[in-house]
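In what follows, chains are A, B, ... by sequence order, proteins preceding strands, each numbered from 1.
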Protein chains: 2
Amino acid sequence: MAIDPRSDRPVYRQLADLLHDEISSGRMSPDSLLPSEAQLVTEYRVGREAVRQAVAVLRAEGLVRTERGIGTRVRRVVDRAPVRLRRGDTAVARMPSIHERREYDLDEGVPVIEVRRAAGEVEIHAGDRTEITS
Amino acid sequence: MAIDPRSDRPVYRQLADLLHDEISSGRMSPDSLLPSEAQLVTEYRVGREAVRQAVAVLRAEGLVRTERGIGTRVRRVVDRAPVRLRRGDTAVARMPSIHERREYDLDEGVPVIEVRRAAGEVEIHAGDRTEITS
DNA sequence: GTACATTTGTTCGTATGTATT
DNA sequence: TAATACATACGAACAAATGTA
């Protein structure tokens, strides 16, 4: 079951799937720490590179958040503030640049919603804390 | 001006900024190929690891798209189909899982828009080809 | 159709730096 | 201070996909 290095599926993807399942199944709860890189290396008998790539996949999916010196935690789901679209307004979703990520304090794997008001103004909203309504 | 390995800014971020600028300034046009990893390595005197991380940053931002055996191209901006939100509908933006990425044929760095209709149905729309309207 | 060159992907090894506990 | 944990960076080797001669 665990991980088959001879599979055609890359090791890091197999590991990402396993961890993804641990999280989405609820066996790992929000805010809880994933095993450390070193632990994953020994537990699954894979290289550190594979571990880091697997965790990077989860980060890009917005599933976890990594803090240096601490570890990787399951991201908590927060309440979403409604943003109302009026007639003539439009909204698109896109990924922020690294600089926008810092500016708006966004985790990796979190998109932004760009609202263009009919009047012309543009608003940026954090994708994980926003819900568009009509 | 190029890249300073002794800077406190990581090499791969400096390189990502340079490439980001090449693209957003228009000096690199859509569909055009970035220099190959090997070329970037020799051109900027950095390791392949730094080059790959820099390109990974651009991919995560949805700025470029990498094809194995070919190279990395600047992503083209495509037309967006409008999706109308009616009263009682809500929409959120999030990153897709790897499996959804395949299912909906999404590039890396492209979010999905999840529309929940008042009636209860859920629709998934590609973030780079969709525009929400009221 | 084959063979080869090019390009990105995967994996391992090694070393050093930085943040937190 | 020391231990733990993640980040950055270089090098190396081989695999896999693509395009071309």
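- The OG1 atom of T66(A) sits 8.5 Å away from the CG atom of L58(A) when rounded to the nearest 0.5 Å.
- The shortest distance between side-chain heavy atoms of L18(B) and I3(B) falls below 4.5 Å.
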* Evaluate the criterion side chain to side chain contact (heavy atoms under 4.5 Å, CB included) for residue pair D4(A) and Q14(A); output intermediate values, then yes/no. => CA-CA 8 Å; D4(A) 177 12; Q14(A) 297 180 51; 4.1 Å; yes
* **Check against side chain to side chain contact (heavy atoms under 4.5 Å, CB included), V51(B) and V46(B)** => CA-CA 7 Å; V51(B) 166; V46(B) 297; 3.7 Å; yes
* Run the side chain to side chain contact (heavy atoms under 4.5 Å, CB included) check on R116(B) and V92(B) step by step: do they pass? -> CA-CA 8 Å; R116(B) 295 175 192 136; V92(B) 301; 4.1 Å; yes
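- Listed by residue number, the members of residues 45-55 of chain B with any heavy atom below 4.0 angstrom from DNA chain D are V46(B), G47(B), R48(B), E49(B), A50(B).
- At whole-Å resolution of the value, CG in D4(A) and C1' in dT10(C) are 15 Å apart.
- Residues of residues 57-70 of chain B having a heavy atom closer than 4.0 Å to DNA chain C, listed by number: T66(B), E67(B), R68(B), G69(B), I70(B).
- Residues S7(A) and R9(A) bring no donor and acceptor atom of their side chains to less than 3.5 Å of each other.
- Across all their heavy atoms, R101(A) and P96(A) have their closest contact at CG-CG, 3.6 Å.
- Residues V115(B) and V83(A) share a single hydrophobic cluster, defined by chaining ILVMFWY side chains whose heavy atoms lie under 4.5 Å apart.
- Between the side chain of E114(A) and the backbone N or O of V122(A), no donor-acceptor pair lies under 3.5 Å.
- Under the side chain to side chain contact (heavy atoms under 4.5 Å, CB included) criterion, R48(A) pairs with E37(A), V41(A), R52(A), not counting sequence neighbours.
- Against DNA chain C, the stretch residues 30-40 of chain B makes heavy-atom approaches under 4.0 Å through S36(B), E37(B).
- On the nucleic acid side, DNA chain D contacts chain A at distances under 4.0 Å to non-hydrogen atoms, with the end points of that region at dA5(D) to dT8(D).
- Rounded to an integer number of Å, the gap from Y12(B) OH to dT16(C) C1' is 16 Å.
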Donor-acceptor contacts, no H, no angles, side chain residues 124-132 of chain B, under 3.5 Å, sequence neighbours left out:
unit_1	atom_1	unit_2	atom_2	d
H125(B)	NE2	E123(B)	OE1	2.9
D128(B)	OD2	R75(B)	NH2	2.8
T130(B)	OG1	A126(B)	O	2.6

* Verdict with supporting geometry, R27(B) and D21(B), side chain to side chain contact (heavy atoms under 4.5 Å, CB included) -> CA-CA 8 Å; R27(B) 286 194 293 281; D21(B) 202 52; 3.3 Å; yes
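- Within 6.0 Å of the CZ atom in R117(A), the count of heavy atoms belonging to other residues, nucleotides or ligands exceeds 12.
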